[in-house]
Amino acid sequence: MVEWPHTARAALKRAAAAGGARSGQGGAGRGAAPGGGGGSPVMPARRSRPRRASARALARASRAEAAWRDFAASFTRIGMVPPAEPGLVAVEAAEGTAVLLLEPRQALTFTGKCRLRCLYGAVRLLGFAVASHHPGLPVFSPATHCALSLEALPGARPPAAALRQLRAAARAAMRSHRVRRPARVKVMARFSPDCAVVLLEHLDTPVTRFLLSHPSLSRSFEPQKKEECNFTPEHAVLASVGIVKCSPDHGLQVSESMCLALEELIQACCEEDEGVPVVLVCGPKNTGKSTFNRYLINLLLNRLPVVEYMECDIGQAEFTPPGCISLSSITEPILGPPFTHQQMPGKMVYYGQTSCEQDTERYLDVVKYVFSYYKKEVPLVINTMGWVKGEGLLLLIDIIRLLSPSHIVQMDMCDWKVMPPLTSEHIHFSAGLHTKGKQQSKCKQLGVGNMESWKYPEGEDVSAPQHKLLYVHPEFPRAGVPGEVRVHSSILRDMSILGYLGHLQSPDIGAVLPLHSLVPYQVPFNAVALRVVHTDVAPSNIMYAVNASWVGLCCIPEEVRCQTEGPVLLTQTPICDCLGFGIVRGVDMEKKLYHILTPVPPANLRLVNCLLLGNIAIPSCVLVGQQGIEGEIPYVTSDYNYSIMGSGKLRKKKQHLKRRFECDYP
């Protein structure tokens, strides 16, 4: 038996006294005779008496509530109950919806998914400021990525005369979204003019429904580790809409260098004093490049209607499945990981692999092709690969020379442990993988040993690409250690593919349809050309490679012509537009048909005349976890002997060109 402390006993007496006085007075009022003690007739009561009685009852109720609050606080003071977060008010508005009140600068870090709408004030989420005029925004904060934090933005302190109008506006906003009266009363009891009132709604999309239907990913939006915290009624309200409060340490850790870099980039993009900025973000793996890009784009969308984004990381693409180089126009905030916002870019090329080590020259050709469609009318953010060691660093130098960014954000650990500072001088003098600096070649020709003492001949153009280098030192735990990432990169790639395939599901809420139950498109052999981009396959075995494979649906400018009904095979990999992706569900050799399952709309499918097969595999959970399959699973076998010569994967030797060609920058 726990001995209550003296302060708790005293608080309990005050609470009991307040509650007893309230109940005793109420009982006397209900049990009194209608005519009074003297038997005289009852005089009609004035209209003000019920109002006064109601006011006295509310005052007694508030005193009782304060007494009980003091009683609960007494346990907090002796360490028996952890103190609740001050100012956090979460009230159930209706089934599947909740109202959240945040005081200025107060933040809620959470895991889960919901639809967010700001009813009063403004809040910030991953850099994007959400105000009352914005529509409901889908928010995704899975455990596989950095948790999102919802922060109330402070507003200007209004004059006292406007307080009543602000309260009325907040109350009207809650009424318009059908917030129940008890919830409105509780929120308005803690209302202040500079707070923020947010409506949270339960969110269920076809993409997340399809992703969570796979057992290995069914808990993606649940915390990986249960935190030891006091489960309050507010936590229960948040859980009812699909989010769980977690420690602020799990949220975005913004370092001082990151803040300085963001401030300078925002100023450059908004002022455009020296032309439209082109920002290239580079750095080793697991240093937060993707998170930095999302944060920067959201900050820019607070002031600009659109931001261009170029994806050069074929291993971890943001808006497309892996293996793509793309150029996208971003008009909506990015409030989730890649699998939640798969979309069709303005220009996309399917490279077909998650690493470009096997063919870096084709990689550069694809980057140059996609970049040529950038109109230089709005700021451009360029994401690069985390391969920055050895030949990867040399390839990065080639990319910088090719794209000529105005700003380079270099994310690295302290003291430049992984890569040297990529200053303009370093890019100009250093040799890349396929390029070499002009000054370096001329110094060798002139026989000058010291490059700094060498000067250009009179009258020669000395201009060279110049950029501003911004150094960002990430300070989140395990930064820069690839083996300490939350989730392996292969799982994230599978999630992006599943997010893309989720668009095959019906938008109506219902049971998830397995992919084998959907009707595929029938494509004749002679209607599309076929090419395997990552390895050599004999023509007699090409159909074995294509069956049950992930393919890029592309469009080549040449017309596909074939005299026979057999497949049309390309001898070289074309650099062409990719219009989407699909799964070759089967190959009908008798009718000469491919059976392709894809979410690409029919209007775009009419333009497809080429299928590119790369080294991107269909997630195993799609094949192994097929519902309604009895007996052997199609396309899956366990009776396989890996000891047979040639049964494993074959890797082509690296085809780096040893020669270097002159860079074409001035």
Side-chain angles (χ1 to χ4, degrees), residues 100-142 145-155 173 194-201 203 205 241-243 248 250-255 258-270 277 279 281 288-309 311 318-319 328-343 378-381 383 409 472 476:
L100 179 68
L101 184 142
L102 295 173
E103 295 181 353
R105 298 294 183 185
Q106 185 182 12
L108 171 66
T109 305
F110 62 92
T111 298
K113 56 185 174 68
C114 65
R115 187 176 298 277
L116 181 145
R117 188 188 302 270
C118 189
L119 302 183
Y120 175 85
V123 292
R124 180 166 53 201
L125 191 64
L126 200 60
F128 187 74
V130 186
S132 57
H133 64 275
H134 288 105
L137 298 174
V139 177
F140 305 92
S141 181
H145 293 72
C146 174
L148 298 182
S149 295
L150 184 65
E151 179 185 3
L153 294 177
D194 50 356
C195 72
V197 180
V198 178
L199 182 68
L200 305 177
E201 300 174 281
L203 179 64
T205 66
V241 298
I243 64 176
H250 295 170
L252 177 62
Q253 305 295 322
V254 181
S255 62
M258 180 176 173
C259 287
L260 295 176
L262 288 171
E263 290 177 3
E264 185 162 348
L265 292 175
I266 295 300
Q267 182 178 1
C269 292
C270 294
V279 182
V281 182
K289 295 189 297 296
S290 298
T291 304
F292 180 88
N293 292 334
R294 298 182 196 121
Y295 200 81
L296 173 61
I297 292 174
N298 288 342
L299 288 174
L300 291 175
L301 289 178
N302 290 328
R303 306 187 181 188
L304 303 175
V306 60
V307 178
E308 294 285 322
Y309 178 84
E311 184 62 81
E318 184 69 36
F319 298 102
S328 304
S329 297
I330 311 303
T331 58
E332 299 293 334
I334 308 173
L335 303 178
F339 71 87
T340 62
H341 47 249
Q342 295 288 298
Q343 56 184 281
V378 296
L380 173 66
V381 179
N383 186 38
V409 178
V472 173
F476 61 89

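Remember, predicted model here, so these are calculated numbers, not experimental data.
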Taking the side chain as every heavy atom from C-beta outward, state whether [X] and [Y] have any pair of such atoms under 4.5 Å apart.
X: I297; Y: F128; value: no
X: L137; Y: P333; value: yes
X: L296; Y: L265; value: yes
X: E318; Y: I334; value: yes
X: V123; Y: L153; value: no
X: L148; Y: T109; value: no
X: K289; Y: N383; value: yes
X: P248; Y: S149; value: no

Notebook entry, point to check: Are the aromatic ring centres of H341 and F140 under 6.0 angstrom apart?
Noted result: no
Heavy atoms of P142 and T111 approach each other most closely as C-CG2, 4.2 Å
C195 and P104 have their tightest heavy-atom pair at CA-CD, 4.3 Å
Go through the steps for L150 and L116 under the test side-chain contact (heavy atoms from CB on, under 4.5 Å), then give the verdict.
CA-CA 10 Å; L150 184 65; L116 181 145; 3.5 Å; yes
Value for OH (Y120) from CG (L101), rounded to nearest 0.5 Å, stands at 10.0 Å
Between P379 and the options I266, L304, V279, the side chain to side chain contact (heavy atoms under 4.5 Å, CB included) test singles out L304
Between L119 and V198, is the side-chain contact (heavy atoms from CB on, under 4.5 Å) condition met? List the steps.
CA-CA 5 Å; L119 302 183; V198 178; over 6 Å; no
